[in-house]
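Since the structure comes first, as structure tokens, the remarks are kept for the end.
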Amino acid sequence: MRKSILLKIAALVSGISGVVILLGVIWPIASYEKDAQDKYPTLISPVAGENESLAQEDLDYTKASSWFVGGAPKEEFISSKVSFYTMSIPKLKIENATVAIGGEDLAKSLIQYPGTALPGKPGNAVIFGHSILPIFYNPKNYLAIFSTLPTLKREDEIDVSYDGVSYKYKVEEMFEVSPTDIQVLE
């Protein structure tokens, strides 16, 4: 009799533990999806859409050229002797992240889109990198480095060290653009 009560209690504890673990996994994903849907009603993804070729499934999204139709522009657009610089975002605990100017491997660095303004120059500097669910965020892993980027607010600082000169930028506005909306590259 006592053994059956202990088995029932053990089963109940195991069942409750399983539900808690399951909710612990599902809740962050559902919460992230809801927040993302509120902030960005139409999320952009490099994954093949209904009208695109399924051959894109074989693309390596750690390579910059996979993110652009026809590949990223080549480095002949770059008019700099410097091939990389560093960027820090204190709020996100990103310290001295390498930004490759016109680079290719998003697993090894952030990438500045070729032909966009270099630090200290007029125009838009377009820097891109990977993100995953925020619960897996790691500011030292380039495959997760931008996972918490949407948490930046107006006036948050971004520090850039380029060719021996330090620049301090402040967030003015955040918005998402579609892959075909290229006026931000001008």
Side-chain angles (χ1 to χ4, degrees), residues 36 39-40 43-48 52 56 58-186:
K39 193 166 188 172
Y40 305 109
L43 286 175
I44 297 170
S45 171
V47 179
E52 297 175 14
Q56 286 188 343
D58 296 332
L59 291 177
D60 179 359
Y61 290 111
T62 64
K63 303 296 180 206
S65 57
S66 299
W67 286 78
F68 304 100
V69 176
K74 301 300 177 217
E75 296 196 33
E76 65 259 14
F77 292 104
I78 299 168
S79 60
S80 171
K81 295 174 188 167
V82 178
S83 59
F84 69 92
Y85 57 92
T86 61
M87 179 175 73
S88 299
I89 306 175
K91 181 177 179 184
L92 304 182
K93 296 180 178 43
I94 296 172
E95 296 178 10
N96 298 317
T98 301
V99 180
I101 302 171
E104 173 67 9
D105 194 347
L106 289 164
K108 294 182 181 176
S109 68
L110 298 171
I111 306 290
Q112 177 165 342
Y113 190 81
T116 61
L118 295 170
K121 304 292 183 199
N124 294 327
V126 178
I127 300 168
F128 59 99
H130 271 287
S131 66
I132 55 177
L133 286 173
I135 60 171
F136 301 114
Y137 172 66
N138 178 351
K140 298 194 183 314
N141 180 344
Y142 287 103
L143 294 177
I145 196 164
F146 277 168
S147 298
T148 58
L149 195 65
T151 64
L152 288 177
K153 303 282 188 233
R154 188 177 180 89
E155 299 296 316
D156 285 340
E157 293 182 356
I158 299 171
D159 301 316
V160 172
S161 180
Y162 173 80
D163 199 19
V165 179
S166 295
Y167 298 92
K168 187 174 292 283
Y169 296 92
K170 288 192 177 189
V171 174
E172 290 182 1
E173 181 180 9
M174 289 184 58
F175 56 92
E176 185 173 345
V177 297
S178 72
T180 56
D181 193 9
I182 59 171
Q183 91 279 354
V184 296
L185 300 176
E186 297 172 359

d(F84 CZ, I101 CD1) to nearest 0.5 Å is 9.5 Å

Restricting to non-hydrogen atoms, name the atom on S147 and the atom on I132 that form the minimum distance, rounded to 0.1 Å. OG-N, 2.8 Å

Which residues satisfy the salt bridge (Lys or Arg N to Asp or Glu O under 4.0 Å) test with K153, sequence neighbours excluded? none

Within-4.5 Å side-chain heavy-atom neighbours: L92 and T151: yes

To the nearest 0.5 Å, atom CZ of R154 lies from atom CD of E172 at 6.5 Å

Nearest heavy-atom approach of T116 to V126 is OG1-N, 3.3 Å

Rounding to 0.5 Å, atoms OH (Y162) and OG1 (T86) come to a distance of 12.0 Å

Sequence neighbours excluded, which residues qualify as salt bridge (Lys or Arg N to Asp or Glu O under 4.0 Å) partners of E157? K168

Can you name the residues that form a side-chain contact (heavy atoms from CB on, under 4.5 Å) with I135, not counting sequence neighbours? P28, L133

By side-chain hydrogen bond (donor to acceptor under 3.5 Å, both in side chains), which residues pair with N141, not counting sequence neighbours? none

Nearest 0.5 Å, what's the CD1-NE2 distance between I145 and H130? 11.5 Å

Does any non-hydrogen side-chain atom of N96 lie less than 4.5 Å from one of S88? yes

Mark yes or no for whether T148, through its side chain, and P134, through its backbone, hold a donor-acceptor pair below 3.5 Å. no

Show every salt bridge (charged side-chain N to carboxylate O under 4.0 Å, His left out) that has at least one partner inside residues 117-139, sequence neighbours left out. none

Heavy atoms only: give me the nearest A107-L143 pair and the separation to one decimal. CA-CD2, 3.8 Å

Within this structure, what is the CD1-CZ distance for the pair I89 and F146, rounded to the nearest 0.5 Å? 5.5 Å

CZ/F128 to CG/L149 distance, rounded to the nearest 0.5 angstrom? 14.0 Å

Any sub-3.5 Å donor-acceptor pair from Q112's side-chain atoms to A117's backbone N or O? yes

Residues in side-chain hydrogen bond (donor to acceptor under 3.5 Å, both in side chains) with K91, at least two apart? D156

L110 side chain near Y142 side chain, heavy-atom distance below 4.5 Å: yes

Taking all atoms of both residues into account, what is the closest heavy-atom pair of P114 and G102, and its distance? CG-CA, 3.7 Å

Could you tell me which residues satisfy side-chain contact (heavy atoms from CB on, under 4.5 Å) with P139, sequence neighbours excluded, listed by chain and number? K93, I94, Y137

Closest approach of E104 to I111 (non-hydrogen atoms, all atoms of both residues): N-CD1, 3.6 Å

Does any non-hydrogen side-chain atom of D163 lie less than 4.5 Å from one of Y85? no

For K170, which residues count as a side-chain hydrogen bond (donor to acceptor under 3.5 Å, both in side chains) partner, sequence neighbours excluded? none

